[in-house]
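Report on the structure given below.
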Amino acid sequence: MKWKKGLTGMLLAAFLCGAPGMGIATPAHASAGEYKFDFGGGTVETGYTGVSASLSYDSARGYGFRTPENMRNVSASGTGVASDAVRFLATGTKSENTFEVDLPPGLYEVSVTLGDTSRSSIAAEGVYQVINMTGNGAKDRFQIPVTDGQLNLLVTEGKEGAVFTLSALEIRQLSSNPVTNRTIYIGGDSTVCNYYPLDSSVQAGWGQLLPEFVNTNTFQIRNMASGGQIARGFHQDGQLEAIVQYIKPGDYFILQLGINDTNPKHNESEAEFKDWMKDMIRQVKAKGATVILSTPQGRATDFNANNVHNAENRWYRSAILALAQEEQTPLVDLNVLSSAYFTSIGKDATLALYMNGDTLHPNYEGARELARLVAQDLKRQGLSGF
């Protein structure tokens with residue numbers, strides 16, 4: 001069993017007696033509101049509290065797993081806190097297989113480091129917090145309000161059959177007021193979503209790069225997009241649920257779908273696409289937030305004989321334009337904006353903004369250019385924060 005080496009800003013606490021032959025660390029809550037946990041069965045990094053898969057939640061201690069029988073210690077290929085991890089055996093955002101930490105009510109920033117995994121998602125309080133973290137040792141963070149005195153967090157599969165593991169967790173209190181900062185939520189597909197490492201991935205979605213063009217003193221970004229997603233899926237798979245749970249007046253929800261919706265395998269007509277999108281718009285607007293619709297950019301090869309890039313008839317664009325007008329939402333016509341930009345730089349430079357051998361998915365620099373176009377248009381429309 002791992003032994004605690006202390007939370008940030010705290011001296012090592014004394015040990016309480018547990019089961020025969022075992023020691024359990026006493027509660028340790030940092031006076032500065034910081035909590036750091038190192039998961040797995042190996043060496044505990046200095047400044048972290050060690051948590052083995054077998055550690056059951058205890059109210060006197062203030063942290064532990066609700067169902068440790070569904071946890072396993074595993075090794076990991078990283079270094080430091082990422083050299084080992086715990087594996088969650090139960091799946092789903094509603095699973096009771098959670099790591100629980102007692103916290104005073106307030107707003108917290110939670111930073112997660114995964115172990116070895118191909119694709120995993122983070123859930124807390126029964127809804128998604130981070131979608132599809134990819135690659136071993138992936139890192140991300142999010143804000144979460146705690147109102148009931150306890151954070152309940154788990155890692156779940158990002159795709160069927162994937163192993164989902166957690167190496168480290170850091171929790172920092174931002175405020176005693178349990179309300180998130182103003183937030184820009186993003187919904188979309190593989191051209192929009194995050195790829196890892198966030199600051200150096202080869203492939204990227206424009207939602208991943210949008211923070212470069214947003215006043216982050218005013219807004220935080222929550223990118224809930226995921227690869228392969230369609231309107232029906234975003235509505236039904238838990239991503240919309242997470243947004244509706246937290247979104248509030250003053251927040252934005254940028255929604256860009258349509259690429260995968262037109263694939264015959266999804267059996268989603270343009271009318272059905274429009275209906276799913278309309279319901280998402282209305283649910284978010286009912287929470288007092290602003291919905292912004294975006295059309296998808298075209299392929300790198302959508303140039304005509306006159307070297308003009310044009311993809312206006314792609315991916316249910318007409319339905320998106322109609323929705324923006326009918327529901328009176330701001331619209332970023334990224335389809336047209338990106339075509340104008342691609343025409344200005346030419347075929348070769350446009351192709352260089354996409355993944356090698358792939359005319360649909362932007363690379364890191366391509367995603368940055370698309371994010372820039374989105375932000376510039378929102379600024380032109382007078383939306384604050386851009």
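Of all the heavy atoms in Pro145 and Val179, the pair that sits closest is CB-N, 4.2 Å. Heavy-atom minimum distance, Leu360 versus Asp358: N-OD1, 2.8 Å. Of all heavy-atom pairs between Leu257 and Ile320, the closest is O-CD1, 3.5 Å. In terms of heavy-atom proximity, Asp102 sits nearest to Ser59 at OD2-O, 4.0 Å. Residues Tyr35 and Pro104 come closest through the heavy atom pair OH-CD, 3.7 Å. Closest heavy-atom contact between Thr359 and Tyr354: O-CE2, 3.2 Å.
Distance alone, capped at 3.5 Å, is enough to place a donor-acceptor pair between the Lys248 side chain and the Asn181 backbone. No donor-acceptor pair closer than 3.5 Å links the side chain of Arg119 to the backbone N or O of Phe164. No donor-acceptor pair under 3.5 Å is formed between the side chain of Asp38 and the backbone N or O of Tyr48. A donor-acceptor contact shorter than 3.5 Å is absent between the side chain of Asn152 and the backbone of Phe99. Proximity of a side-chain donor or acceptor of Gln381 to a complementary backbone N or O of Leu383 within less than 3.5 Å is not detected. A donor-acceptor pair is defined here as one N or O able to donate and one able to accept, closer than 3.5 Å; no such pair exists between the side chain of Asp84 and the backbone of Ala76. A donor-acceptor pair under 3.5 Å is formed between the side chain of Asn73 and the backbone N or O of Ala53. Formation of a donor-acceptor pair under 3.5 Å by the Ser175 side chain with backbone atoms of Asn177 is found in this model. Side-chain atoms of Gln129 come within 3.5 Å of backbone N or O of Ala124 as a donor-acceptor pair. With hydrogens and angles disregarded, no donor-acceptor distance shorter than 3.5 Å links the side chain of Ser83 to the backbone of Gly78.
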- Task: Give the C-alpha distance, both sets of side-chain angles, the deciding distance and a yes or no for side chain to side chain donor-acceptor pair (under 3.5 Å) between Gln220 and Thr183.
- Result: CA-CA 5 Å; Gln220 63 156 337; Thr183 305; 3.0 Å; yes

- salt bridge (Lys or Arg N to Asp or Glu O under 4.0 Å) evaluation trace for Glu170 with Lys139: CA-CA 11 Å; Glu170 299 182 17; Lys139 298 180 180 180; over 6 Å; no

- Begin from the C-alpha positions of Val163 and Arg87 and carry the test side chain to side chain contact (heavy atoms under 4.5 Å, CB included) through to its verdict. CA-CA 7 Å; Val163 172; Arg87 178 181 176 183; 3.6 Å; yes

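To the nearest 0.5 Å, the span separating CD on Gln297 from CG on Leu353 amounts to 10.5 Å. Asn97 CG to Thr156 OG1: the interatomic distance, rounded to the nearest 0.5 Å, is 9.5 Å. Atom-to-atom distance recorded for Ile281:CD1 and Leu293:CG is 4.5 Å, nearest 0.5 angstrom. How far CH2 of Trp276 is from CG of Leu240: 10.5 Å, rounded to the nearest 0.5 Å. Atom CG of residue Asn223 and atom CD1 of residue Ile254 lie 9.5 Å apart, to the nearest 0.5 angstrom. The OG1 atom of Thr180 sits 13.0 Å away from atom CD of Glu109, with the distance rounded to the nearest 0.5 Å.
By the side chain to side chain donor-acceptor pair (under 3.5 Å) test, Ser121 pairs with Asn132, sequence neighbours left out. Listed by chain and number, the residues in a side chain to side chain donor-acceptor pair (under 3.5 Å) with Thr262 amount to none (sequence neighbours excluded).
Heavy atoms from other residues, nucleotides or ligands lying under 6.0 Å from NZ of Lys94 number more than 12. Open room surrounds CD on Gln325; 12 or fewer heavy atoms of other groups in view lie less than 6.0 Å from it. Taking a 6.0 Å sphere around CG of Asn356, one finds it holds 12 or fewer heavy atoms contributed by other residues, nucleotides or ligands.
A salt bridge between Arg282 and Asp279 is absent, with no side-chain N of the basic residue lying under 4.0 Å from a carboxylate O of the acidic one. Contact check on Arg368 versus Glu212 returns a salt bridge, with a Lys/Arg side-chain nitrogen under 4.0 Å from an Asp/Glu carboxylate oxygen. Using a cutoff of 4.0 Å between basic side-chain nitrogens and carboxylate oxygens, Asp377 and Arg380 are scored as salt-bridged. The pair Asp237-Arg232 does not meet the salt-bridge criterion, since no charged nitrogen lies less than 4.0 angstrom from a carboxylate oxygen. Salt bridge absent: Arg317 and Glu270 never bring a charged side-chain N and a carboxylate O closer than 4.0 Å. Comment: Lys274 engages Glu326 in a salt bridge, judged by a side-chain N to carboxylate O separation of less than 4.0 angstrom.
A donor-acceptor pair shorter than 3.5 Å cannot be found between the side chains of Gln208 and Tyr195. For the residue pair Arg222/Gln143, the side-chain donor-acceptor check at 3.5 Å is not satisfied. For the 3.5 Å distance criterion, the side chains of Thr191 and His361 fail to qualify, holding no donor opposite an acceptor. If you check the side chains of Gln256 and Ser294, you find a donor sitting under 3.5 Å from an acceptor. Asp116 and Ser77 share a side-chain donor-acceptor pair at under 3.5 Å. Under 3.5 Å, the side chains of Gln239 and Ser226 contain a donor-acceptor pair of N or O atoms. A side-chain donor from one of Thr98 and Glu100 sits under 3.5 Å from a side-chain acceptor of the other. Using a 3.5 Å distance cut-off with no hydrogens or angles, the side chains of His266 and Asn263 do not pair a donor with an acceptor. Remark: the Asn310 side chain and the Ser339 side chain contain no N/O donor-acceptor pair separated by less than 3.5 Å.
Hydrophobic clustering places Leu103 together with Leu154 (ILVMFWY residues linked when any side-chain heavy atoms are closer than 4.5 Å, directly or through intermediates). Clustering ILVMFWY residues whenever any of their side-chain heavy atoms sit less than 4.5 angstrom apart, transitively, puts Val127 in the very cluster that holds Ile243. Residues Ile131 and Leu114 share a single hydrophobic cluster, defined by chaining ILVMFWY side chains whose heavy atoms lie under 4.5 Å apart. Side-chain heavy atoms closer than 4.5 Å link hydrophobic residues (I, L, V, M, F, W, Y) into clusters, and following such links, even through other members, never connects Ile221 to Phe234. With hydrophobic clusters built from ILVMFWY side chains whose heavy atoms lie under 4.5 angstrom apart, Val291 does not share a cluster with Val192.
Aromatic ring centroids of Phe253 and Tyr185 lie 6.0 Å or more apart. Checked against the 6.0 Å centroid threshold, Tyr63 and Phe37 count as a close aromatic pair.
A cation-pi arrangement is present between Arg372 and Tyr341 under the rule of less than 6.0 angstrom and at most 45 degrees off the ring axis.
Between Tyr316 and Phe273, the ring planes lie tilted relative to each other; the angle falls in the 30° to 60° range.
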